[in-house]
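Because the structure is a prediction, the values reported are computed rather than measured.
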Amino acid sequence: MSSVPAPADPGWGGDPAWPDGDPMTAAEREAWLDRLCEQDDDPSDAPQEYWDPESCAPPPGQDELTAEELAGIGEAAADEMLALDAASAGRRGPGQAGSARMFPGESASRAGGFGAGMAWDVMPGGAQLAVAADAATQDGGPGDSFAGVADHELIGLVCARDRVEAHAAARKLVAIAEVFRRNPEDGFEAGPGQMPAVVHEFTRDQLALALGESRAAADWLLTVGWHLGTRLVGTLDALRDGVISRGKAELIVRLTGCLDAGEAAAMEAKVLDRAGRLTPGGLRSAVARAVLEVAPDKARERRQTAARFARVERWAEDSGNAALMGRELPPDEVLAADQRICWWAGELRKAGLDDGMDELRARAFLDLLLGTDSRPRPDGVAAPATSPAEGAADTPGQDGRAAAQPPGAGPAGAAGGGFAGRVTLTVPLGTAAGLADRPGELAGLGPVDPWLARDLLRAAAANPRSTWCVTVTDEKGHAVGHGCARPEPKGHRTRAGPGPAPDEAGFCFSPAGRDERGGGYGTWRLRVPGGGPDLIVAIDALDTVDCQHRFESRGHDPGVRLRHLSQIRHATCTSPVCRRPASQCDFEHNTAYEAGGRTCLCNAGPKCRHDHRLKQYPGWRVDQLPDSTFRWTTPAGRSYDTEPTRTRFSEPRIRSQRCADR
């Protein structure tokens with residue numbers, strides 16, 4: 001079979017069909033039907049082994065079924081079909097098929113059942129699936145044979161093996177949990193799930209010897225087994241079915257250690273429905289945000305406790321080089337330090353160093369720590385080292401002048417805490433006003449607890465270069481409206497109704513007028529701490545289901561506002577597996593501009609340079625659905641969706657940026 005997907009458009013709600021349509025020719029299908037007819041021929045004098053349900057007579061040896069019994073059989077059959085549908089609905093990624101659509105016809109290979117949407121492709125992990133995968137790739141010879149297996153079937157086999165691997169890992173961890181249960185530490189009685197709170201001291205040694213692992217690795221396995229057996233029942237079920245991998249299950253365990261059983265169940269309800277299709281980075285962000293939503297006080301306590309264990313670690317790399325890393329540092333200061341490193345790396349590039357940005361950042365990191373200056377001099381010799389007190393930013397450059405201060409730098413080049421350069425902080429309005437304790441999100445780091453979010457907002461409000469935006473989200477957390485704040489003109493008030501008192505502290509958000517342009521969410525007044533003028537925010541709708549092309553650009557390149565709104569809709573690259581921030585991506589037309597595609601929200605989204613090139617490679621296809629979901633179809637004919645960024649904030653939220661170039 002050819003592995004090239006069918007060119008026909010399956011439509012917005014459809015899935016790609018068989019790679020070449022019907023896998024049989026007309027002659028092959030006629031011969032196949034003849035064989036079926038021969039197999040179905042049943043001489044009238046042959047004994048009837050099975051009862052014909054369409055016959056009038058009841059099965060041999062049975063009385064006629066009552067209406068209630070027939071209804072019960074029908075309900076049981078319906079329940080079985082619903083269970084099968086639930087097992088296959090929405091599955092994608094590890095343990096999930098690329099399509100849930102069933103296609104007619106037969107495959108010519110032994111692996112036909114693993115094709116997109118076929119029976120084995122949607123079956124949960126287990127021993128039966130492992131046997132089927134073995135049978136599909138064994139032809140009597142040694143090893144596995146993939147002769148005649150189409151590309152979409154081969155991917156189905158890979159996903160099936162992944163589900164089997166996850167299922168085996170779940171069973172292993174269940175057994176390890178039983179080892180924990182049978183070996184309680186002296187004085188500790190059984191707790192949730194009949195599990196003791198503490199395992200006996202030497203149990204990890206027994207497990208380490210059996211598995212050939214270190215004591216630390218065995219201790220971690222016991223910890224994972226305990227959490228899955230007591231608090232994270234939904235996570236264990238997802239791992240057993242192959243919806244998530246063992247790595248994702250362990251990630252959930254690490255991020256939810258501070259939650260009790262009820263809070264853990266609430267977290268799972270927010271995350272597990274999409275955990276299989278999220279990358280580890282995306283899952284980490286989703287779980288961290290869910291933890292902050294269900295138990296913000298515990299999350300803050302965990303952050304504050306971990307900060308007492310701040311440290312710098314060093315170790316030898318496998319290559320023979322060395323590594324240096326800081327752990328448990330304040331998030332805002334880490335961002336400030338990171339941007340200072342980026343700034344100095346840029347200075348090194350301007351000075352003539354032609355290394356890659358990673359190498360330049362590493363060199364800048366050491367320069368800033370050691371007080372050295374790696375910029376080459378005119379004579380080709382690197383500048384001499386300076387004392388750390390002087391700081392690299394005060395070191396004379398090639399022309400004898402001091403280098404410019406980096407964003408956020410203080411006296412003597414020292415980086416100040418808080419924001420530096422350009423940083424985006426997203427916070428629910430209720431949290432900003434002190435009316436709720438919902439998490440915020442710091443671009444580049446992920447979710448932050450509400451107390452840290454408010455501290456960072458106050459720091460941003462104290463800086464006159466901060467800019468403010470307001471985004472409105474729906475019940476799923478998708479952005480549906482957005483507006484950028486501008487100072488209210490002097491002597492001109494557009495507010496309808498009484499506003500906040502002039503000396504009122506904190507954030508305040510109040511109506512300022514109706515949306516006179518139509519299609520938006522009105523005009524609002526935003527007051528931020530610090531005593532500055534009120535800000536006016538006109539919130540535009542981001543709906544693309546029935547796009548009115550209000551923000552369309554006539555040429556190929558988008559305007560500043562259009563680019564900004566596309567980055568609000570999708571905060572990262574629209575690839576299902578890429579987490580690159582949208583601000584570092586290309587504005588990419590889904591239908592090429594040269595082919596008549598609009599430069600508009602309904603036909604564009606951010607893509608990193610790699611995925612921009614990937615989308616244009618033969619065999620790959622990307623469709624932008626009306627709701628701004630991007631559907632990627634691979635050369636193997638499998639499709640994967642990327643929904644708009646979900647923040648879980650079902651209320652207006654404030655975005656604060658401090659921009660060094662404004």
Side-chain angles (χ1 to χ4, degrees), residues 79 82-96 122-129 162-184 188-199 203 207 219-278 280 282-295 298-299 302 648:
D79 290 343
L82 287 174
L84 180 60
D85 290 342
S88 61
R91 304 179 72 83
R92 192 204 71 81
Q96 300 180 346
V122 296
M123 176 170 283
Q128 188 178 10
L129 185 62
D162 195 77
R163 296 197 297 279
V164 169
E165 179 182 357
H167 177 83
R171 301 295 292 270
K172 173 183 174 181
L173 289 168
V174 168
I176 289 175
E178 181 64 21
V179 172
F180 197 118
R181 181 179 292 108
R182 295 185 180 188
N183 294 272
F188 286 90
E189 298 179 354
Q194 299 302 310
M195 292 281 282
V198 181
V199 72
T203 304
L207 194 61
D219 190 59
W220 171 245
L221 287 174
L222 287 165
T223 300
V224 174
W226 185 91
H227 284 284
L228 294 180
T230 57
R231 302 183 309 110
L232 299 169
V233 179
T235 302
L236 177 61
D237 290 341
L239 179 62
R240 184 185 289 114
D241 289 345
V243 175
I244 62 174
S245 63
R246 173 180 161 182
K248 289 185 177 181
E250 293 184 358
L251 176 64
I252 293 174
V253 169
R254 285 199 303 271
L255 293 173
T256 62
C258 63
L259 305 182
D260 60 29
E263 294 163 344
M267 179 280 303
E268 289 178 325
K270 294 175 177 289
V271 172
L272 285 184
D273 63 332
R274 54 198 173 109
R277 63 180 174 81
L278 293 175
L283 180 61
R284 181 196 177 282
S285 180
V287 173
R289 186 182 299 112
V291 170
L292 288 168
E293 289 177 349
V294 302
K298 289 183 177 179
R302 179 181 60 179
R648 286 283 186 184

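For the pair Trp226 (side chain) and Leu221 (backbone), a donor-acceptor distance under 3.5 Å is absent. At distances below 3.5 Å, not a single donor-acceptor pair connects side-chain atoms of Glu250 with backbone N or O atoms of Val224. Panel note: side chain Lys248, backbone Pro280; no donor-acceptor pair is recorded below 3.5 Å. With hydrogens and angles disregarded, a donor-acceptor distance shorter than 3.5 Å links the side chain of Arg231 to the backbone of Leu259.
Once rounded to the nearest 0.5 Å, the distance linking CE of Met195 with CZ of Arg182 reads 12.0 Å. Taken to the nearest 0.5 Å, the CG atom of Leu129 stands 11.0 Å off from the CG atom of Asp241. From Leu239, atom CG reaches atom CG of Leu232 across 11.0 Å, with rounding to the nearest 0.5 Å.
Between Gly225 and Ala177, the shortest heavy-atom contact is O-CB, 3.4 Å. When every heavy atom of Val271 is checked against every heavy atom of Ala286, the shortest pair comes out as CG2-O, 3.8 Å. When every heavy atom of Arg163 is checked against every heavy atom of Met123, the shortest pair comes out as NE-O, 2.7 Å. In plain terms, the two heavy atoms of Leu222 and Phe180 that are nearest each other are O-CD1, 3.6 Å. Across every non-hydrogen atom of Ala166 and Ile244, the tightest pair is CB-O, 3.4 Å. The two residues Arg302 and Leu255 come nearest to each other via the heavy atoms NH1-O, 2.8 Å.
Between Leu272 and Ile252 there is a side-chain heavy-atom pair separated by less than 4.5 Å. Annotation: side chain of Leu207 is not in contact with side chain of Thr203 (no heavy-atom distance under 4.5 Å). By the 4.5 Å heavy-atom criterion applied to side chains, Thr235 and Leu228 are counted as neighbours. Contact check for Val294 versus Lys270: side-chain heavy atoms found under the 4.5 Å cut-off. By the 4.5 Å heavy-atom criterion applied to side chains, Val164 and His167 are not counted as neighbours. Within the 4.5 Å cutoff, the side chain of Lys172 has heavy atoms near those of the Arg246 side chain. Counting only heavy atoms from C-beta outward, the side chains of Lys298 and Asp260 approach each other to under 4.5 Å. Under the 4.5 Å side-chain criterion, counting only non-hydrogen atoms from C-beta, Thr256 is not in contact with His227.
The neighbour count for Glu165 CD, taken as heavy atoms of other residues, nucleotides or ligands under 6.0 Å away, does not exceed 12. Shown here is Glu178, whose CD atom has more than 12 heavy atoms of other residues, nucleotides or ligands within 6.0 Å.
Salt bridge annotation for Arg289-Glu293: absent, with no cationic side-chain nitrogen under 4.0 angstrom from a carboxylate oxygen.
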